Structure formats: structure tokens, C-alpha cells
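Note that the numbering runs from 1 along the sequence shown for the chain. Atoms within each ligand, like the ligands themselves, are counted from 1 in listed order. Note that this is a predicted model, so its numbers are computed, not measured.
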Amino acid sequence: MTQEYDVAFIGSGHANWHAAVTLKQAGKSVVIIEKDLLGGTCTNYGCDAKILLDGPAELLARLRRYSTVGVDTTAHVDWQQFMAYKHQVIDPLPTQMAGMFDQLGIDVIQGSAILMGDHLIQVGKQVIQATNIVLGTGQRSKRLGIVGKEFLHDSREFLDLPELPQHITFIGAGIITLEFASFVMALGSQVTILEHGDRAARGFDAQHVGKLITQMENDGATFYFGETALAVDVTTDGYQVTTTSGLSVDTNYVVDATGREANVTHLGLENAGIHTNHFGIVVDDHLRANGANIYASGDVVAKLQPKLTPTATFESNYIAGQILGDTAPISYPAIPSVLFALPRLAQVGVTTDQAAAHPSDYHTQTIPFGQLLAFEYQNETTAELTAVLNTHNQLVGAAIYGLDAPDLINVLTLIIDQQLTGTALSRLIMAFPTPTQGIIDALLPAMLAPQAADTPAD
Ligand SMILES: Cc1cc2nc3c(=O)[nH]c(=O)nc-3n(C[C@H](O)[C@H](O)[C@H](O)COP(=O)(O)OP(=O)(O)OC[C@H]3O[C@@H](n4cnc5c(N)ncnc54)[C@H](O)[C@@H]3O)c2cc1C
Ligand SMILES: NC(=O)c1ccc[n+]([C@@H]2O[C@H](COP(=O)([O-])OP(=O)(O)OC[C@H]3O[C@@H](n4cnc5c(N)ncnc54)[C@H](O)[C@@H]3O)[C@@H](O)[C@H]2O)c1
């Protein structure tokens, strides 16, 4: 029997469920098809579990800033007990989501969906007919095809580690590696990082990434660049990772963090004339994948915007609006990215690399805000903001290094997105002493300067 709906969503992550709720509340009949846990990657295997496990490590990082001024910074985390707490918080989330969908009257079908045409989806023996379809199938970890690949672990398995290994080797020096390596080091593990390129965490300010790597090396991490993993072999007490150059690393656990790729296979995209490229599903400027009634949303979309939860949520809300009759093409606001290492890195808007490539349009100003009196109580002297300003001294980009970067970047995103001027900012009264007030105070001289006379981008 064929079930009919106004809208069918494939995938239950942020790319889809926000729209499902809005459309159901607007009177549409809605179904969500999910083959794994309800809520998708962020909720079950990504952001939420990651930031929870990072919590004590962040506290320790803040505490350790005071190690030279008479504060006892020793602390111990019982990983097993803490992992049990992670399960207690994260594991009920799919059930809670199921309850919310049930309460709203959103149908959920558990299984793998395959498109059979512009309006037809098959899930096992069930066939669903829908006026509109939204593909929000996300990304999955890339898996290296090297000898001993069965001994590699991905980010999901890492976030479920029952015991903290003494030594962990990460292949790839991207966001996932720098985040995970930071918090396990704070909790007592040793780490080695093998990266085949010459740079870590592309997309973030190169100088800030350099500072982070130096900090992590000072904390005991070993980085190797220009090294491509060749094989993983079992040894008497763990594993040995070898690279094509002949380097070998003895370790207890190996994480393959070499990137993520869009879930576009076994979806039946060819049955609806939907195209993909290296980055995911190709869409038009209305996020339509077939030019008509099939949309793609979130990580699975081939796009230049960062593949993050807030981007997926924004697209989900946009698609709900389109199905309800809006017609405007999608236009993204400034999207901040945060790398939750210790310390944090954050980036929004025009990058320092872009500023350097267009010196007549932009200039940069580096503000070592950690050394300012306003931040003295935080004792993080290395904290730094690099602001990118246009020829009107308007803030158009920012990169931050420091533990407060995640919240500070949100404030700067607001300034960039709303095109707030120095004059407008100088009229605000903010709570004192706070990081937000401190960073705006530090920025104001550059934004209020009569002309673009700051350091030219180099
Ligand atoms: C370790 C990690 C940490 C992260 N940390 C952050 C962070 O701190 N901040 C941030 O903004 N982002 C973070 N992200 C990225 C964030 O998780 C994603 O951007 C977000 O989950 C994208 O949402 P989505 O709905 O597009 O995809 P997903 O959440 O991946 O959802 C897609 C869903 O589709 C389902 N699916 C796939 N194919 C089918 C099919 N054929 N039939 C039925 N169901 C199907 C999948 O099972 C999945 O549940 C992190 C990611 C990882 C891996
Ligand atoms: N804080 C956040 O927002 C956050 C956190 C975690 C994950 N994410 C999501 O996950 C994605 C990042 O995942 P990631 O860190 O796995 O990927 P990434 O693309 O950031 O990094 C992968 C790294 O692996 C390297 N690499 C690739 N093949 C290799 C090989 N054979 N040997 C050695 N190195 C190799 C690459 O050069 C790159 O530096 C992000 O794009 C984002 O979508 C976001």
C-alpha cells in the first residue's frame, strides 16, 4: 500500500527536522524516514557528545592558566564514570525526539529510503508518495583503504571509547583531530598526529593554527606533516602505524579523521535525475535538487558554506518557507566556524588569507586582547583577535584564538552581519568586566579610525 504525504524527509538531522516541525504546524502531512538514530550526527555522534566530553578538559585548561600564580591545578577525571555520564545525557535523545514527533503528529519510518522517482520513495516494502521530498542525508566519515584498515576507528567510535587509551594516533590534522586530541591530552593521553598535507585545519587563520600546534606540542603532542599513512599492524601491546616515508608510530588506538563525504550512494538519485559532485548533491539557488519538488538540505548539499549544524538548521528553515510559498533564492548570513580545541579557534567572514590577496579592499588589525587589562582576570595572555576591516573600517571578518572564542565570535558575527558601525557600537552599554565588552572596546579604535590606515594585509 502507498502512503501519501505532503512532505517526506529523508534523514532526521538538523537539515530536516526543523522544517518537518514547521510544516506540520502549518497543517502539512509530514513523514521523516531515518535509517539510524533519530536526530542525526550532531545529536548522537557529533557536536553534543563532543562538547560534553570536552567539558572537564576545558575547565582544566582554564585552571592551568593559574598554575604559576599559586593555584593547585591538579585534578583527575575518571573516564569510565564520565563516559557513563555521557551515555546518560546523550543516549535518551533519540527517544525524546521520537516523543516530540509523535506529539506533533509527524510520522516516523525507520529504514533506508530509496528515491524511485520525483514523488516516490521506497523504504523496505513500504512505498511513500510525497508532493515534496527533502534529502537531508548528511555526511559520513571517509575511511582509508590501507592495510590494517579494520583497526582504524572513526569519530563515532572514538566518542564511545569505554577506556581512555594511553596513546592515540590520529590520521589527518583537521577539525576532528585537533578537537579530540586536545581534550584527551588534557585528560592524560599522549597523542601523535599524522597529516599528509603541510597545514592543519584549513579554513582557520594560519597563524592561529600555528599557535595552537605550538601549544599542543608544548603540552606533549607530536605532529608529523607530509606523512601519508600506509599500514596499521598489530603489535604485542597495541598497534604500529607506518607511513609511506617509513615513519612508524607505536600506539594503542588509531583514529581515521581524514575527512567526511556526502551520503549520496544507494539513495536512488538517478531515478529522479539528481546530480552530485565531489561535495554532494548539486542544487539550484532555491536548494532544489531536481529543479522542482525535491530539495537537498544540510551537510549533503554541494556548497561552499561550512557544513555545520547552524547551516543545516538555516537551510531547513529556508526549505520550510519555500514549501509554504516563499520564492526568494537562498542568501546566507555570515556563518561562524569554531574549532573546539584547547584553546579554541574561531573564524567568520572574510579570512586573513582573502584580505592578504586583496590589499586594496581590506586591512587587518591584530589585537592581542589576552594582554589587555580587561582580560587580565582570565590570565590567558596568548588570546588574540585578528580583525579584517574594509576601506570604511567596517568589520567584515574575524579570527580568534583563545578559550572564549566561541562566544566572542558570535558577537562579532552579529556586528558583521548587521553591518554595525563603530559609532553604533560606541553607543552601547555592556556589562563589565566581560569578554564581550572587552573585545568590543579593543576593536573600537580600529573601527572609529578616520580612514583605512591600519596595518596593510600581508
Ligand atoms: C565529531 C563531529 C563533531 C561535530 N561538531 C560540530 C560542532 O561542534 N558544531 C557544528 O556546528 N557542527 C559540528 N559537526 C557537524 C554537524 O554534526 C553536521 O553539520 C550536522 O549534523 C549536519 O546535519 P544534517 O542533518 O545535514 O546531517 P546528519 O545530522 O548527518 O543527518 C543525516 C541523517 O540522514 C540519515 N540517512 C542517511 N541516508 C539515509 C537514507 N537513505 N535513508 C534514511 N536516512 C538516511 C542518517 O542516518 C542521518 O541520521 C560535527 C560533526 C562531527 C562528525
Ligand atoms: N567544531 C565543528 O564545527 C566541527 C567539529 C568536528 C567536525 N565537524 C565537521 O566535520 C568535518 C571535519 O572532519 P575532519 O576533521 O575529519 O576533516 P577535515 O577535512 O577537517 O580534515 C581532514 C584532514 O585529513 C587530512 N588527510 C586526508 N587524507 C589523509 C591521509 N591519507 N593521510 C593523512 N592525512 C590525511 C587532510 O589533509 C585534512 O587535513 C568538518 O568539515 C565539519 O563538517 C565540525
**OP:** Report the part of His266 (side chain from C-beta onward, or backbone N, CA, C, O) that has a heavy atom under 4.0 Å from ligand 1; answer both or neither where that applies.
**Re:** neither
Original post:
Which residue supplies the protein heavy atom nearest to atom 19 (O) of ligand 2, what is that atom called, and how far is it?
Top reply: Gly259 CA, 4.0 Å
Subject >> Short N or O distance, Glu179 and ligand 2, threshold 3.5 Å exclusive >> reply: yes
Original post:
Short list, please: which atoms of ligand 2 are under 4.0 Å from a heavy atom of Leu144?
Top reply: 31 (N)
Original post:
Going by the order shown, which atoms of ligand 1 are within less than 4.0 Å of some heavy atom of Gly11?
Top reply: 33 (C), 34 (O), 35 (C), 44 (N)
Original post:
Does any N/O atom on Glu195 come nearer than 3.5 Å to any N/O atom on ligand 2?
Top reply: yes
**OP:** May I ask you to check whether Ile176 has an N/O atom sitting below 3.5 Å from an N/O atom of ligand 2?
**Re:** yes
Original post:
For ligand 1, which atoms sit closer than 4.0 Å to a heavy atom of Pro310?
Top reply: 11 (O)
Original post:
If you measure from each non-hydrogen atom of Lys50 to ligand 2, which part falls under 4.0 Å: side chain, backbone, both or neither?
Top reply: side chain
Original post:
Identify the closest protein heavy atom to atom 30 (C) of ligand 2: which residue and atom is it, and at what distance?
Top reply: His196 ND1, 3.6 Å
Subject >> Sub-4.0 Å atoms of ligand 1 with respect to non-hydrogen atoms of Phe340 >> reply: 8 (O)
Original post:
Under 4.0 Å from any heavy atom of Gly298, which atoms of ligand 1 are there?
Top reply: 26 (O)
Subject >> Contact atoms of ligand 1, heavy-atom distance to Asp36 under 4.0 Å >> reply: 47 (O)
Original post:
With atoms numbered from 1 as shown, which atoms in ligand 2 lie under 4.0 angstrom from a non-hydrogen atom of Leu194?
Top reply: 33 (C), 34 (N)
Original post:
So, is Leu308 polar-close to ligand 2, with some N/O to N/O distance under 3.5 Å?
Top reply: no
**OP:** Mark yes or no for whether Glu315, through its side chain, and Ala312, through its backbone, hold a donor-acceptor pair below 3.5 Å.
**Re:** no
Original post:
Who's the nearest protein heavy-atom neighbour of atom 21 (O) of ligand 1, and how far?
Top reply: Cys42 N, 3.4 Å
Original post:
Can you tell me which residue and heavy atom of the protein come closest to atom 49 (O) of ligand 1, and the distance to 0.1 Å?
Top reply: Glu34 OE1, 2.8 Å
Original post:
Looking only at protein heavy atoms, which one is nearest to atom 29 (O) of ligand 1, and how far off is it?
Top reply: Thr41 N, 2.8 Å
Original post:
Going by the atom numbers of ligand 2, which of them fall below 4.0 Å from some non-hydrogen atom of Ile171?
Top reply: 32 (N), 33 (C)
Original post:
Tell me: protein heavy atom nearest atom 42 (C) of ligand 2, and distance?
Top reply: Lys307 O, 3.5 Å
Original post:
For ligand 2, is there an N or O atom under 3.5 Å from any N or O atom of Val338?
Top reply: yes
**OP:** Tell me which part of Ile10 gets within contact of ligand 1: side chain, backbone, both or neither, using heavy atoms under 4.0 Å.
**Re:** side chain
Original post:
Among all protein non-hydrogen atoms, which one is nearest to atom 40 (C) of ligand 2, and what is the separation to 0.1 Å?
Top reply: Ile175 CD1, 3.8 Å
**OP:** Answer yes or no for Arg156: is there a heavy-atom contact with ligand 1 below 4.0 Å?
**Re:** no
Original post:
Going by heavy atoms, is Asn16 under 4.0 Å from ligand 1?
Top reply: no
**OP:** Pull out every atom of ligand 1 sitting under 4.0 Å from any heavy atom of Ser112, numbered as shown with elements.
**Re:** 42 (N)
Subject >> Ligand-residue contact atoms, ligand 1 with Gly111, heavy atoms, under 4.0 Å >> reply: 42 (N), 43 (C)
Original post:
Going by the atom numbers of ligand 1, which of them fall below 4.0 Å from some non-hydrogen atom of Lys307?
Top reply: 19 (O)
Subject >> Residue part near ligand 1, for Thr311, under 4.0 Å between non-hydrogen atoms >> reply: neither
Subject >> N or O contact, Phe340 vs ligand 2, cut-off under 3.5 Å >> reply: no
